[in-house]
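Reading through the structure tokens given below for one structure.
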Amino acid sequence: MHSNNAESGYFRPTDPCTQAFPGASGILARTPRSTHEMSTKKPWGGRFSAPTDSLVEGFTASVATDRRLYRQDIAGSIAHARMLAHVGVLSGAERDAIVAGLQAIASEIDAGDFPWDPALEDVHMNIEARLVERIGEVGKKLHTARSRNDQVATDMRLYLRDGIDRLQTHLLALQSTLLDVAEREAAAIMPGFTHLQTAQPVTFGHHMLAWNEMLERDRARLIDCRARVNVMPLGSAALAGTSFPIDREFTAGELGFDHVSENSLDAVSDRDFIIEFLSAGALLMTHLSRMAEELTLWSSAQFQFVELDDAFCTGSSIMPQKKNPDVAELVRGKSARTTGNLMALLTLMKGQPLAYNRDNQEDKEPLFDTLDTLLQSSEVFAGMIKTMRVHHEPLRAAAARGFSTATDLADYLVRKGVAFRDAHEIVGRAVKHGIDTGKDLADMGLDELRAFSETIDDDVFAVLTLEGSVNARDHIGGTAPEQVRAAIERARTRLAVLQN
Ligand code: ARG
């Protein structure tokens with residue numbers, strides 16, 4: 001949280017990444033200076049004769065949250081000033097003064113030395129007012145041919161673009177960790193489940209590859225989303241465009257946008273680019289949550305499939321024996337907020353007429369929160385996976401219990417000419433016998449098995465072993481260790497391709 005300096009009426013920025021929800025409390029709790037003093041500094045104060053109510057000032061201010069956009073806001077302003085000079089609206093000297101002033105402000109904010117003022121509402125007006133303070137009258141020319149409406153939409157797109165790029169890096173690291181574990185455990189046998197009941201043996205590597213597939217689609221969705229994020233609204237001004245001879249392609253080039261927006265009304269008002277991201281993000285968190293749930297089960301005394309490293313667990317304050325998988329549980333728990341953030345933005349948009357409405361100021365906390373949650377969760381998850389120990393014996397023992405090779409026996413009978421439905425029935429009776437006698441299929445003698453079908457010979461035992469079972473699933477997408485190794489190679493190639 002930021003620390004207020006009540007004396008000066010300023011608060012200092014802190015690292016934005018550490019404060020997901022700076023919250024309005026910091027501002028609302030401040031003792032405002034006189035309402036008159038505040039109202040006179042409003043850049044829009046000209047039309048007003050009465051000062052803003054101090055409650056309203058606290059209620060409408062967003063700077064505690066949106067100051068996180070300062071780098072993007074300054075980059076956008078510098079590009080805008082250069083464009084204005086390029087088309088002759090500003091002189092070269094005016095442009096240079098503005099650019100130098102903005103760069104100095106960026107350093108000021110970087111150094112935690114900027115006098116943020118909630119009376120100036122948001123990040124945009126704080127920076128603009130400071131510019132005028134630093135460079136004088138010429139600073140007032142920056143806002144020519146621009147509105148906060150196209151400014152904030154631009155800032156959000158730049159911020160999100162950068163956020164997606166950072167998230168990509170985290171996902172690549174997590175996925176390559178998964179692939180390393182998959183390679184190490186390509187032949188390790190474990191039970192595969194349906195309905196959380198033992199179904200068929202699979203390999204641990206195959207299970208890791210399933211997780212990787214989920215993340216691969218998440219990453220593809222983010223890349224797809226980025227393409228629609230990277231479109232520049234600047235030039236739309238308040239809603240209708242501007243009467244100045246702007247060169248939007250020039251500004252877009254400066255800021256690395258792929259395209260300029262086609263319609264000014266749409267560009268200042270829609271936040272679907274954030275909704276798409278929140279949707280892809282909620283789904284990614286849902287996937288991480290499913291993986292976290294499995295790790296929580298697997299690391300329990302009942303399963304003992306894996307052990308999570310001490311560095312990624314915590315203890316109990318009352319039960320000395322406990323080692324809890326809190327990281328996994330928190331990832332699962334935090335998926336809730338990302339789903340909530342998606343709902344918030346969908347609901348925020350649904351009733352808005354064109355074009356910009358102040359409702360849109362509420363887009364920031366959900367976006368920042370989801371982004372922070374995804375970055376933290378994917379990073380900590382990679383560490384947890386990398387240090388996880390896989391226990392082969394309990395995995396194997398669990399795979400051997402529960403008649404996991406029953407399907408293999410049925411397939412064996414089919415290969416000997418029995419119809420699948422009959423084979424299913426025969427094996428069902430054998431399993432019932434196994435339950436009654438406490439034996440697994442592989443533990444029964446040949447005579448015992450032949451009581452269920454005369455077609456069974458002693459070559460049956462090869463298919464009843466766990467290795468026989470997984471090796472038999474030898475096709476693309478199957479669990480055979482050789483297929484797992486081939487799938488890892490393909491997955492690594494895809495990672496490298498999408499990386500470029
Ligand atoms: N702080 C505002 C937001 O985040 C900036 C745009 C305000 N525009 C306006 N006309 N009041 O949406």
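Remember, it's 1-based here, ligands and their atoms both numbered in the order they're listed.
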Selection from N149, V152, D155, N357 by shortest heavy-atom distance to atom 9 (C) of ligand 1: N149
salt_bridge(D218, R221) N-O dist < 4.0 Å: yes
Side-chain (D326) to main-chain (C313) donor-acceptor, under 3.5 angstrom: no
Shortest protein heavy-atom distance from atom 11 (N) of ligand 1, along with the residue and atom involved: R148 NH2, 3.6 Å
Presence of salt bridge, D359 and R271, under 4.0 angstrom: no
Atom 5 (C) of ligand 1: the protein heavy-atom neighbour that sits closest, reported with distance to 0.1 Å: D122 OD2, 3.5 Å
Atom 12 (O) of ligand 1: the protein heavy-atom neighbour that sits closest, reported with distance to 0.1 Å: Y356 OH, 2.4 Å
Protein contact to atom 2 (C) of ligand 1 [nearest heavy atom, distance to 0.1 Å]: Q361 OE1, 3.3 Å
Audit row: R82, S77, side-chain contact (heavy atoms from CB on, under 4.5 Å) steps and yes/no: CA-CA 9 Å; R82 288 191 176 136; S77 289; over 6 Å; no
Smallest separation among heavy atoms of T154 and P233, with atom names: OG1-CD, 3.4 Å
For K364, atoms of ligand 1 separated by under 4.0 Å from a heavy atom: 3 (C), 4 (O), 12 (O)
Salt bridge E137-K140, side-chain N to carboxylate O under 4.0 Å: yes
Ligand 1 atoms in contact with S62 (distance to a heavy atom under 4.0 Å): 1 (N)
